[in-house]
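As structure tokens, the structure follows; a few thoughts come after it.
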Amino acid sequence: MTGSGSLDRRSSTVPASVQALGRRSLLRGALGAGALLGVPTLLSSCGGGDAKPSGSGGGASAKAGPVKFGMNEAKGSGPAYERLSAMADAYAKKAGVTVSQNAVDHNTFQESISTYLQGTPDDVFTWFAGYRMSQFATNGQIADLSDVWPIDGMSDAFKKSATAEDGKQYFVPSSYYPWAVFYRKSVFEKNGWSEPKSQDDFMALMKDMQGKKITPFAFAAKDAWAPMGTFDILNMRLNGYDFHMELTKGKKNWDSPEVRRVFETWKTMLPYQQENALGRTWQEAATSMAKGECGMYLLGTFVVDGVPKETQDDLDFFTYPALDQSIGADALDAPIDGYCVSANAQNEDAAKAFITYLGSAEAADVANNSASAPFIAANSNASTAKYGALQKKSVEVVQNAKSIAQFLDRDTNADLANTVITASLQEFLKNPDKIDSITTSIQQQAKSILG
Amino acid sequence: MATRTAGKPSTRRVEKRRSTRERLIIATMIGIPTLLVVWLVWLPAIASFLLSFTRWNGFKLSSIEWVGVQNYKDITTIYPPFWPAIQHNVIWLVFLFVFPTILGMLLAVVLDHEMWGSRFYQTAFYLPVVLSMALVGFIWQLFYSTDQGLINEVFGSKVDWYGDPSVNLWAVLVATAWRHTGYIMLIYLAGLKGIDASLREAAAVDGASEVKTFFHVIFPVMRPINLIVLVIVVIESLRAFDLVWIINKGRNGLELISALVSQNVIGEATRYGFGSALAVIMMIISSVFITIYLRIVFREERR
């Protein structure tokens with residue numbers, strides 16, 4: 001009954017993963033020299049690998065063979081690991097091949113992705129849609145999967161999410177989770193509140209909550225990605241999905257009047273948000289919503305992992321209401337998780353055969369039937385029998401959305417997102433009056449990074 | 001080696017034969033470590049220095065683009081976290097030097113007296129040192145958490161210890177000090193145990209007070225230990241990294257040069273040129289301290 005376990009983010013308060021991360025980072029620092037000097041040889045070997053006899057195999061006709069599967073979930077880390085492992089086992093049994101699983105802690109996997117891809121990556125590995133995927137395609141790190149597409153049960157929206165700048169597909173979606181405004185049904189019932197349909201409803205609701213000494217919005221910004229959710233939804237409500245995409249692709253400026261308007265609007269919303277957000281983790285914010293201290297929380301469906309078991313059934317959500325009638329409320333963030341084949345795959349045909357299976361409804365059903373909590377399958381033919389109420393609603397909400405964005409840090413150049421925007425959003429929360437200098441600074445740095 | 005006996009032709013041949021073998025051994029003994037040092041220290045350092053004048057995403061060598069001093073210009077002009085980071089590193093150094101070091105020395109002097117339970121106190125104060133910095137960060141999170149932390153719970157305060165940029169550096173420094181104090185204490189205690197008891201006796205016979213004995217007799221004798229402590233403090237503050245990285249990846253009031261380097265090159269961001277420029281700046285700062293340290297050590301040796 002828990003939601004998407006394949007969340008992008010993990011608790012920063014888990015000591016085991018924290019230790020592993022620290023150790024990995026330091027190790028990587030020490031080995032930097034070798035890695036740096038090892039690059040030329042890797043590149044030459046990769047060049048040879050590129051000249052593969054492709055075209056022959058692919059799609060469902062690709063010949064199965066032994067594959068190595070890189071998974072961004074550590075062994076025993078919960079439902080997300082169980083699902084990946086179950087699919088790998090089921091495929092191994094079905095195709096009669098060996099699938100060697102390489103389970104790595106979620107954050108460690110993500111943070112070491114560029115060194116991973118330049119070393120000896122697994123044939124198939126878990127990754128995310130969006131710019132985060134297409135930048136590897138541009139750099140020749142992942143294999144062209146256009147012969148695997150179309151995939152039975154995958155809509156055009158998912159195909160679009162798997163497509164890189166060159167118009168080819170490099171990704172196979174597995175699951176997704178929408179970002180929405182979560183609340184506790186019992187708290188809303190007790191206070192006679194209902195889901196707001198318009199901006200006026202929304203403002204009235206927040207004012208009423210404040211009157212009842214309940215903070216309208218739980219809010220956390222200790223994890224630098226967390227406030228991006230709020231920025232994204234305000235941006236998409238005020239400027240629309242197209243602007244979001246152009247901004248993240250560097251075609252619109254960060255010091256433009258549109259972006260400033262997003263910050264100006266956010267500033268007027270700050271009084272409705274939990275204070276002292278910069279030291280709070282999303283788990284703590286979720287807890288304060290669970291306790292009833294805060295009325296709502298804008299987060300991905302993985303919010304259920306942050307609330308006690310008995311409160312999970314009490315959760316419900318609605319999409320963020322429209323702030324501008326001409327823009328509407330038909331866009332939302334729903335990050336898609338899935339798989340890529342590395343360009344250095346030892347046996348590309350075998351990797352394609354495996355990834356085709358992973359994208360099928362059959363694989364999604366195996367995953368959801370074997371794990372203690374299901375994901376929302378990207379494949380529309382997958383069974384929804386295991387879904388809880390929240391997941392059924394998620395499917396509906398995403399299907400009704402006209403445009404689906406990945407997430408600010410999944411749609412943007414990683415350098416800009418991780419070293420500039422994160423710090424700038426935190427700076428805004430510290431000094432909401434410095435919108436002009438903050439947006440100017442982002443634009444200066446964006447120009448320097450994007451060239 | 002052979003120079004002193006070079007005047008005698010009879011022994012010269014023996015010397016020469018031996019010196020070929022010796023030379024070979026010496027060459028191997030020096031050669032291997034030299035190679036290692038060159039490979040692991042000098043090449044990366046030179047590569048970082050060269051990369052610091054480029055823009056590179058770390059994927060293809062052909063995509064390295066020469067940009068001159070652009071990275072340095074950007075760092076000092078449009079990169080907001082840089083100057084705070086420099087400032088925080090200096091605060092870190094001064095703080096470590098003033099509080100935990102002196103406290104550690106004091107504890108060592110007190111525990112040096114064979115009082116009841118001193119073993120217990122020694123263990124208690126030293127315990128944090130065996131914990132990894134990552135774990136220290138986690139333990140203190142339990143104290144500092146805004147909504148669920150011990151400090152706010154007990155005092156009914158609402159301070160955002162890790163999040164408020166005006167207090168979080170100090171909160172982190174206290175956590176660091178908690179660990180650092182025990183370390184200094186143990187080193188100092190070991191030094192104190194090694195002091196000849198007759199020195200104290202002589203001072204006592206001369207009628208020197210406890211305090212006077214410490215400052216005029218013990219402290220000067222402890223010179224080598226003091227030097228080690230000094231070096232440890234400087235090194236610890238320059239490599240300060242793990243704790244802030246665990247807390248918030250060195251952002252929002254906890255910027256440190258080391259964390260900025262990591263933000264730019266480790267993880268998903270791959271600004272190798274920019275990160276290298278930051279690393280070079282860090283290297284320059286470190287070399288100032290290293291030079292001072294080496295000068296002291298060599299002067300010591302010459303005596």
Side-chain angles (χ1 to χ4, degrees), chain A residues 12-15 18-19 21-23 25-26 28-30 32-34 36-37 39-40 43 110-115 117-118 132 135 139-141 221-224 275-281 284-285 287-288 293 409 414-419 422-424 426-427 430 441 444-445 448-449 451, chain B residues 39-41 43-44 47-48 51 55 57-63 65 70-71 74 77-81 132-135 137-139 141 144-148 158-165 168 241-242 245-249 251-253 255 260 262-271 274:
Chain A
S12 61
T13 53
V14 179
V18 146
Q19 269 180 304
L21 173 63
R23 207 178 330 115
S25 312
L26 296 172
R28 214 175 301 128
L36 188 66
L37 293 156
V39 166
L43 284 171
Q110 200 168 316
E111 304 225 313
S112 43
I113 187 70
S114 47
T115 25
L117 287 177
Q118 290 181 40
R132 263 184 178 166
Q135 65 182 350
N139 286 311
Q141 301 290 313
K222 180 157 177 275
D223 309 287
E275 280 180 338
N276 295 336
L278 289 164
R280 191 178 295 113
T281 61
E284 288 170 314
T287 305
S288 40
E293 294 165 3
D409 67 357
D415 295 350
L416 184 63
N418 291 308
T419 65
T422 46
S424 303
Q426 290 183 330
E427 179 67 27
K430 263 187 282 178
S441 167
Q444 277 175 339
Q445 296 182 77
S448 166
I449 290 172
Chain B
W39 172 257
L40 293 172
V41 180
L43 280 181
S48 294
L51 273 179
R55 188 211 308 271
N57 64 7
F59 286 113
K60 291 175 194 152
L61 281 183
S62 59
S63 68
E65 183 192 337
Q70 187 63 39
N71 288 327
D74 283 356
T77 54
I78 62 168
Y79 189 52
S132 77
M133 261 316 198
L135 206 56
F138 175 67
I139 290 170
Q141 164 89 36
Y144 284 142
S145 164
T146 316
D147 305 331
Q148 292 144 32
K158 262 279 166 213
V159 182
D160 185 2
W161 294 101
Y162 272 170
D164 184 343
N168 61 6
F241 166 71
D242 359 26
W245 193 253
I246 291 309
I247 292 167
N248 64 5
K249 308 252 151 142
R251 296 188 175 107
N252 179 36
E255 293 87 355
L260 296 187
S262 309
Q263 277 174 23
N264 282 287
V265 299
I266 297 179
E268 277 193 76
T270 49
R271 300 170 78 183
F274 194 79

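Just so it is clear, the values below take in all heavy atoms, side chains as well, and ignore hydrogens, waters and symmetry mates.
- Between A/Glu427 and B/Pro80, every side-chain heavy-atom pair lies at or beyond the 4.5 Å cut-off.
- B/Phe274 does not touch chain A: none of its heavy atoms, backbone or side chain, sits under 4.5 Å away.
- Distance check: B/Asp164 CG to A/Leu278 CG gives 8.5 Å after rounding to the nearest 0.5 Å.
- For B/Ser145, the parts lying near chain A are the backbone and the side chain together; criterion is any non-hydrogen pair under 4.5 Å.
- A distance-only check finds a donor-acceptor pair linking the side chain of B/Arg55 to the backbone of A/Ser448 [under 3.5 Å].
- Minimum interatomic distance between A/Thr419 and B/Ala269 (heavy atoms only, all atoms of both residues): CG2-CB, 3.7 Å.
- Neither the backbone nor the side chain of B/Asn71 comes within contact range of chain A, judged by heavy atoms closer than 4.5 Å.
- Taken from CG in A/Asn418 to CG in B/Asn264, the straight-line distance is 9.5 Å, to the nearest 0.5 Å.
- In terms of heavy-atom pairs under 4.5 Å with chain B, the best-connected choice from A/Lys430, A/Arg280, A/Glu293, A/Glu275 is A/Lys430.
- Here the side chain of B/Asn252 pairs no donor or acceptor atom with the backbone of A/Gln426 at under 3.5 angstrom.
- Taking the charged nitrogens against the carboxylate oxygens, A/Glu111 and B/Lys249 do have a contact shorter than 4.0 Å, which makes a salt bridge.
- Neither the backbone nor the side chain of A/Leu416 comes within less than 4.5 Å of any heavy atom in chain B.
- Side chain of A/Lys222 to backbone of B/Ile247: a donor-acceptor contact under 3.5 angstrom is found.
- Looking at A/Ala285, neither its backbone nor its side chain comes within 4.5 Å of chain B, counting heavy atoms on both sides.
- Of all the listed residues (A/Ile449, A/Leu117, A/Thr287, A/Ile113), the one sharing the greatest number of non-hydrogen pairs under 4.5 Å with chain B is A/Ile449.
- Proximity of a side-chain donor or acceptor of A/Asp415 to a complementary backbone N or O of B/Thr270 within less than 3.5 Å is detected.
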